[in-house]
2 protein chains.
Amino acid sequence: MIDEDVLAGHQQELRRGTVVMAALATLETPGYGYGLLAVLEHSGLSVDANTLYPLLRRLERQGLLEAEWDTTESRPRKMYKTSDSGRALLKRLESEWNALAGSLNNLRTTDPRKALKELP
Amino acid sequence: MIDEDVLAGHQQELRRGTVVMAALATLETPGYGYGLLAVLEHSGLSVDANTLYPLLRRLERQGLLEAEWDTTESRPRKMYKTSDSGRALLKRLESEWNALAGSLNNLRTTDPRKALKELP
DNA sequence: ACACGATACTGTGTCAGACACACTATTGTC
DNA sequence: GACAATAGTGTGTCTGACACAGTATCGTGT
């Protein structure tokens, strides 16, 4: 039996970085927080609103997203779009992701300790 | 230009959950902390010692690893091995990982906002 | 006419995990 | 005998996830 709380914790740890990638990728075409929430939910990457909003502000503060209040309609929306830095970071994160996938796969298919001893 | 500190932060966020998977997978054949450190380093998944040791204790506390002091040699080593729960959790995390990869790929190849509007 | 849920956010607090730093103790090497 | 490598523990600090509470607007039903 698996402790569901423990599982949930580790699953969330796994998701952590991916939400940033998803946000940067999605906001290459501008959008706002609440809408992004629905997009991510629909694509199977469910994020808590209380997690996403602070995340967006942080990405803005880091210069990875550009933000601007859209007040043309009565309900104000904070529009975000991925900046050049954001796009650059996304690329780096994607290659990091691929590297991680490779490392994990490597660990599963070969005996890592054996490989260590057989170093040149 | 990318802020290297920001990049390092997000890369670490990405790595977070994967170290748990790597540990559970590697320790299906028993091993100890310091050795695991070298194995992970060698397979491209570098982890800080100050991160790995507490992680191993936490996984032990959660019943995902079984631990036992090996005092047959003069230098004592804490031997860890993946428990049944650990193996079960690893499987769940691997399918979660694959799901995340699918979601991310989905976001990149299709226009997610368009897909949202075209729901049945 | 107005209650209620959905939309769209901000702000404050709590808790867990990553890492820095400091420490103990042994083994091998120069 | 100094010093790096091995193999760990313990005690901070800081950041991010999420809970909870609050603000304000819009749409729908009754």
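Quick note on labels: first sequence line is chain A, next is B, and so on, each numbered from 1.
The line from OH of A/Tyr80 to CG of A/Leu24 is 12.5 Å long, rounded to the nearest 0.5 Å. Interatomic distance, A/Gln62 CD to A/Leu89 CG, rounded to the nearest 0.5 Å: 8.5 Å. With rounding to the nearest 0.5 angstrom, the CD atom of A/Gln11 is 8.0 Å from the CG atom of A/Leu14. Here the CZ-CG distance, from A/Arg57 to A/Leu52, works out to 10.0 Å after rounding to the nearest 0.5 Å.
The A/Gln62 side chain lies nearest to D/dG16 when the options are D/dC18, D/dG16, D/dT9.
Among the heavy atoms of the strands lying under 4.0 Å from B/Arg57 is at least one base atom, whether or not backbone atoms are also near.
When rounded to the nearest whole Å, the span between CG of A/Leu40 and P of D/dA17 equals 13 Å. For B/Arg58 and D/dT9, the CZ to P distance is 14 Å, given to the nearest whole Å. In this entry the distance linking CG of B/Leu36 with C1' of D/dG8 reads 14 Å, nearest Å. The CG-P distance, from B/Asp70 to D/dT6, rounds to 18 Å in whole Å. Straight-line distance from the CD atom of B/Glu13 to the P atom of D/dT15: 12 Å, rounded to whole Å. Summarising the geometry, the separation between CG on B/Leu56 and C1' on D/dG10 is reported as 16 Å, rounded to the nearest angstrom. The interatomic distance linking A/Tyr34 (OH) with D/dA24 (P) rounds to 19 Å, in whole Å. Between B/Asp5 atom CG and D/dC14 atom C1' there is a gap of 14 Å when expressed in whole angstrom units.
Where A/Arg15 and B/Pro76 each meet DNA chain D at their nearest nucleotide, the meeting point lying more 5' is that of B/Pro76. The 5' end of DNA chain D is approached more closely, in terms of each residue's nearest nucleotide, by A/Pro54 than by the other of A/Pro54 and A/Arg75. Looking at which nucleotide of DNA chain C each of A/Met79 and A/Arg16 is closest to, the 5′-most match is held by A/Met79.
A salt bridge links B/Arg16 with B/Glu13: the distance from a Lys NZ or Arg NE/NH1/NH2 to an Asp or Glu carboxylate oxygen falls below 4.0 Å. A salt bridge links B/Glu96 to A/Arg15: at least one charged side-chain nitrogen sits closer than 4.0 Å to a carboxylate oxygen.
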Atom pairs under 3.5 Å: protein N/O with N/O of nucleotides 20-23 of chain D:
residue: D/dC20; atom: N4; partner: A/Asn50; partner atom: OD1; Å: 2.6
residue: D/dC20; atom: N4; partner: A/Asn50; partner atom: ND2; Å: 3.4

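In 5' to 3' order, the nucleotides of DNA chain C bounding all contacts with chain B (an atom under 4.0 Å from a heavy atom) are C/dG17 to C/dT27.
The two atoms that bring A/Val47 and A/Leu37 nearest to each other are O-CD1, 3.7 Å, heavy atoms only. Residues B/Leu27 and B/Leu56 share a closest heavy-atom pair of CD1-CD2, 4.0 Å.
Judged purely by atom type and a 3.5 angstrom limit, B/Ser83 uses its side chain to pair as donor or acceptor with the backbone of B/Leu64.
B/Tyr53 has no side-chain polar atom (N or O) that falls below the 4.0 Å cut-off from OP1 or OP2 of D/dA7.
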